[in-house]
Q: 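First, the structure itself, so that you have it in front of you.
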Amino acid sequence: MAKPKRVYQSWKGNNKFLLDGRLIFGPDAKSLIITFTLILVPVVIFCVFVASNLAHKFTTGSIGYAILILAVVFTIYVLFLLLSTSTKDPGIVPRNSHPPEEVSGYDSSASIDVGKPLPRTKEIIVNGLPVRVKYCETCMLYRPPRCSHCSVCNNCVERFDHHCPWVGQCIGKRNYRCFFLFVSSTTLLCVYVFSMSALYLKLLVDDYGTAWKAIKVSPASVALMAYCFVSLWFVGGLTGFHLYLISRNQTTYENFRHRGLRGDNRINVYYRGCMNSFLEVFCSKIEPSKNNFRGYVHEGASKTSKGSNIQVTEVDISDEDRRVKVEDDLEIGDDLMKISQRRNSQDIGDIRGRGSDRSPISRSELDFGFGLESQFSSRSESRHSGW
């Protein structure tokens with residue numbers, strides 16, 4: 001008798017697994033090598049050519065060696081956060097093996113008679129206010145609030161923030177805290193290396209009398225200062241941008257989808273104050289994964305619905321709609337780097353320079369993806385008006 005497959009071996013997403021499903025990566029996990037190199041190489045140069053020499057510049061050698069040890073420990077911490085972000089389930093919603101059997105206010109028998117598809121959206125109550133959630137044809141489920149389908153990983157992810165190519169993973173409900181700590185810690189590491197390199201260069205100037213001679217003695221210090229200065233424009237700006245998002249209880253995906261929020265009077269149903277938003281991100285308990293990737297797949301174990309003979313007609317989505325979705329998911333991760341350089345602009349939406357040709361969203365529609373879903377819903381209704 002053949003041994004049953006594990007869940008990760010038959011997973012329909014684009015994820016990659018290691019250690020028998022214990023570690024889950026995105027399809028672009030190879031980018032981790034580049035990220036590791038960009039962090040590790042400068043630190044090694046700093047330890048060899050700057051920190052080790054600083055140990056001999058102080059009358060008490062313990063201070064100089066403390067600088068070296070702190071750099072090593074801090075780097076290990078940053079790399080640990082990077083791995084935690086990349087190898088953790090970001091909040092993937094388990095797929096359904098069948099379309100949802102019952103939808104509130106929807107007559108499923110209509111699908112049998114006339115082949116009517118499931119409604120593209122339905123309303124649920126969040127914090128006492130109605131919001132629309134969208135049906136995902138790929139995962140065959142109505143997405144929870146703030147959930148979106150990542151076209152790169154091919155999964156629905158809870159509290160989807162963006163797909164980050166630098167960590168090779170989606171950023172969502174379960175790994176956003178690690179992601180923010182990684183970005184902010186990398187910023188502090190850049191500041192630390194820059195400061196210590198500048199200090200060493202100043203001590204050399206005091207010894208040799210001129211900056212030129214000091215640069216000739218330690219060109220590595222100048223190179224590290226330049227590298228850290230450029231890096232700070234990216235990771236520092238990214239840290240500031242995510243601090244803003246946390247204070248508003250907003251995700252990157254929601255911010256990009258609704259760049260004109262300040263011009264509308266729509267409601268952020270998830271906002272409960274700045275302090276509560278920070279407590280939610282940093283102090284709330286991280287929920288366990290909803291997927292047991294190491295579990296075994298049991299054929300026929302899934303519950304058969306009493307309406308299993310229902311034939312659900314697949315909703316026709318144009319190639320244009322699919323292409324827009326894929327492009328948006330891919331560009332969000334890249335655009336984050338641009339935000340770090342332009343975060344002081346009055347309108348963050350100018351970063352990608354797109355959306356001016358989109359139709360305006362009704363002010364009665366609520367925030368965070370639901371206005372967009374209503375647009376898709378109206379497109380779907382116009383396509384299937386003949387049904």
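Atoms considered below: every heavy atom in the structure, side chains included; atoms not considered: hydrogens, waters and symmetry mates.
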Q: In terms of side-chain heavy atoms, does N175 have a donor or acceptor partner in Q169 at a distance below 3.5 Å?
A: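 Per modelled atom types, N175 and Q169 side chains form no pair under 3.5 Å.
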
Q: What's the spacing between T186 OG1 and L238 CG if we round to 0.5 Å?
A: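 Reported to 0.5 Å precision, the distance equals 9.5 Å.
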
Q: Not counting sequence neighbours, which residues clear side chain to side chain donor-acceptor pair (under 3.5 Å) with N96? List them please.
A: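 Expected list: none.
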
Q: Under 6.0 Å from the ring centre and within 45 degrees of the ring axis: does the NZ or CZ of R146 meet both conditions for the six-membered ring of F160?
A: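 Output no; distance or angle outside limits.
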
Q: With sequence neighbours excluded, what pairs up with F282 under the ring pair (Phe, Tyr, Trp, His ring centres under 6.0 Å) test?
A: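 F282 satisfies ring pair (Phe, Tyr, Trp, His ring centres under 6.0 Å) with F180 once adjacent residues are dropped.
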
Q: Closest approach of L224 and P42, non-hydrogen atoms and distance?
A: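 Of all heavy-atom pairs spanning L224 and P42, the closest is CD2-O, 3.5 Å.
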
Q: Cation-pi check, R248 to Y271: give yes when NZ or CZ is under 6.0 Å from the six-membered ring centre and within 45° of the ring axis, no otherwise.
A: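 Yes, a cation-pi geometry holds between R248 and Y271.
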
Q: Going from CG on D28 to NZ on K16, what distance comes out if it is rounded to the nearest 0.5 angstrom?
A: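 NZ of K16 is found 8.0 Å from CG of D28.
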
Q: Spell out, as yes or no, whether a donor-acceptor pair under 3.5 Å connects the side chain of S84 to the backbone of C178.
A: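 Answer holds: no.
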
Q: Could you measure the distance from the CD atom of Q250 to the OH atom of Y270? Nearest 0.5 Å is fine.
A: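 Separation between the atoms: 11.5 Å.
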
Q: Distance from I246 atom CD1 to L279 atom CG, nearest 0.5 Å?
A: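 Those atoms lie 11.5 Å apart.
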
Q: Just jot down the side chain to side chain donor-acceptor pair (under 3.5 Å) partners of N154, sequence neighbours excluded, or say none.
A: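 N154 satisfies side chain to side chain donor-acceptor pair (under 3.5 Å) with H149 only.
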
Q: Given side-chain contact (heavy atoms from CB on, under 4.5 Å), test F293 with I24 step by step and report yes or no.
A: CA-CA 9 Å; F293 294 109; I24 175 173; 3.8 Å; yes

Q: What are the two closest heavy atoms between S218 and Y200, and how far apart are they?
A: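 Between these two residues, the closest heavy atoms are OG-CE2, 3.3 Å.
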
Q: Is the backbone of Y296 close enough, under 3.5 Å, to the side chain of R6 for a donor and an acceptor to pair up by distance?
A: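 Pair absent, no side-chain N/O of R6 close to backbone of Y296.
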
Q: Is the backbone of I67 close enough, under 3.5 Å, to the side chain of Y192 for a donor and an acceptor to pair up by distance?
A: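 Yes; judged by distance alone, with no hydrogens or angles, the pair exists.
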
Q: Minimum heavy-atom separation for C164 and I171, please, with both atom names.
A: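 C164 and I171 have their closest heavy atoms at CB-CG1, 4.0 Å.
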
Q: Check whether any side-chain heavy atom of L181 lies under 4.5 Å from a side-chain heavy atom of Y176, and answer yes or no.
A: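 The answer is no; the side chains never approach within 4.5 Å.
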
Q: Would you call Y8 and N291 a side-chain contact if the rule is heavy atoms closer than 4.5 Å?
A: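 No, every pair of side-chain atoms sits at 4.5 Å or beyond.
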
Q: Taking only residues two or more places apart in sequence, or in another chain, which ones meet K290 in a salt bridge (charged side-chain N to carboxylate O under 4.0 Å, His left out)?
A: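 Counting only residues at least two positions away or on another chain, K290 forms a salt bridge (charged side-chain N to carboxylate O under 4.0 Å, His left out) with E158.
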
Q: Look only at the side chain of T35 and the backbone of W166, and say whether a donor-acceptor pair between them is shorter than 3.5 Å.
A: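 It does hold such a pair.
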
Q: So, do F46 and M196 sit near enough that their side-chain heavy atoms are less than 4.5 Å apart?
A: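 Touching, per the 4.5 Å side-chain cut-off.
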
Q: Looking at E287 and R174, does any basic side-chain N land under 4.0 Å from a carboxylate oxygen?
A: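 The answer is no: the pair does not qualify as a salt bridge.
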
Q: Check step by step if side-chain contact (heavy atoms from CB on, under 4.5 Å) holds for I286 and R177.
A: CA-CA 9 Å; I286 299 178; R177 183 186 303 174; 4.0 Å; yes

Q: Do the side chain of N15 and the main chain of F25 share a donor and acceptor less than 3.5 angstrom apart?
A: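 Yes: the side chain of N15 pairs with the backbone of F25.
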
Q: Holding to salt bridge (charged side-chain N to carboxylate O under 4.0 Å, His left out), I want the full list of residues that pass it with K30, two or more places apart in sequence or in another chain.
A: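 For K30, no residue satisfies salt bridge (charged side-chain N to carboxylate O under 4.0 Å, His left out) once neighbours in sequence are set aside.
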
Q: Could you check whether any side-chain heavy atom of V191 comes within less than 4.5 Å of a side-chain heavy atom of C228, counting everything from C-beta outward?
A: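 No, too far: nothing below the 4.5 Å cut-off.
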
Q: Is the ring pair F179/H162 parallel, tilted or perpendicular, if the boundaries are 30 and 60 degrees?
A: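 Judged by the thresholds at 30° and 60°, the geometry between F179 and H162 is perpendicular.
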
Q: Between N155 and V93, is the side-chain contact (heavy atoms from CB on, under 4.5 Å) condition met? List the steps.
A: CA-CA 7 Å; N155 296 312; V93 181; over 6 Å; no

Q: Under 3.5 Å, is there a donor-acceptor pair linking the side chains of S277 and S247?
A: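 The criterion, which ignores hydrogens and geometry beyond distance, is not satisfied for S247 and S277.
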
Q: How long is the span from the SG atom in C190 to the CE atom in M225, to the nearest 0.5 Å?
A: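 If I round to the nearest 0.5 Å, the distance is 13.0 Å.
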
Q: Do M140 and R95 have side-chain heavy atoms sitting under 4.5 Å apart?
A: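 No, every pair of side-chain atoms sits at 4.5 Å or beyond.
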
Q: Could you check whether any side-chain heavy atom of L38 comes within less than 4.5 Å of a side-chain heavy atom of Y227, counting everything from C-beta outward?
A: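 Side chain of L38 against side chain of Y227, heavy atoms only: contact under 4.5 Å found.
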
Q: In the structure I gave you, are the side-chain heavy atoms of H163 and V157 within less than 4.5 Å of one another anywhere?
A: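 No, their side chains stay 4.5 Å or more apart.
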
Q: For a side-chain contact (heavy atoms from CB on, under 4.5 Å) check, start with the C-alpha distance between K88 and L83, then their side-chain angles and the critical distance, and finish with the verdict.
A: CA-CA 8 Å; K88 183 181 294 185; L83 284 177; over 6 Å; no

Q: Which residues pass the side chain to side chain donor-acceptor pair (under 3.5 Å) test with S289, sequence neighbours left out?
A: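 Result, side chain to side chain donor-acceptor pair (under 3.5 Å) vs S289: D89.
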
Q: What is the minimum heavy-atom distance between C156 and L141, and which atoms define it?
A: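 Nearest heavy atoms, C156 then L141: SG-CD1, 4.4 Å.
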
Q: Report yes if the side chains of I92 and W11 come closer than 4.5 Å at any heavy-atom pair, otherwise no.
A: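 In contact.
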
Q: For atom CZ of F36, decide whether the heavy atoms of other residues, nucleotides or ligands shown that lie under 6.0 angstrom number more than 12.
A: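 Counting other residues, nucleotides and ligands, CZ of F36 exceeds 12 neighbours.
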
Q: Working to the nearest 0.5 Å, report the span between OG of S185 and CZ of F80.
A: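 S185 OG to F80 CZ: 11.5 Å, rounded to 0.5 Å.
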
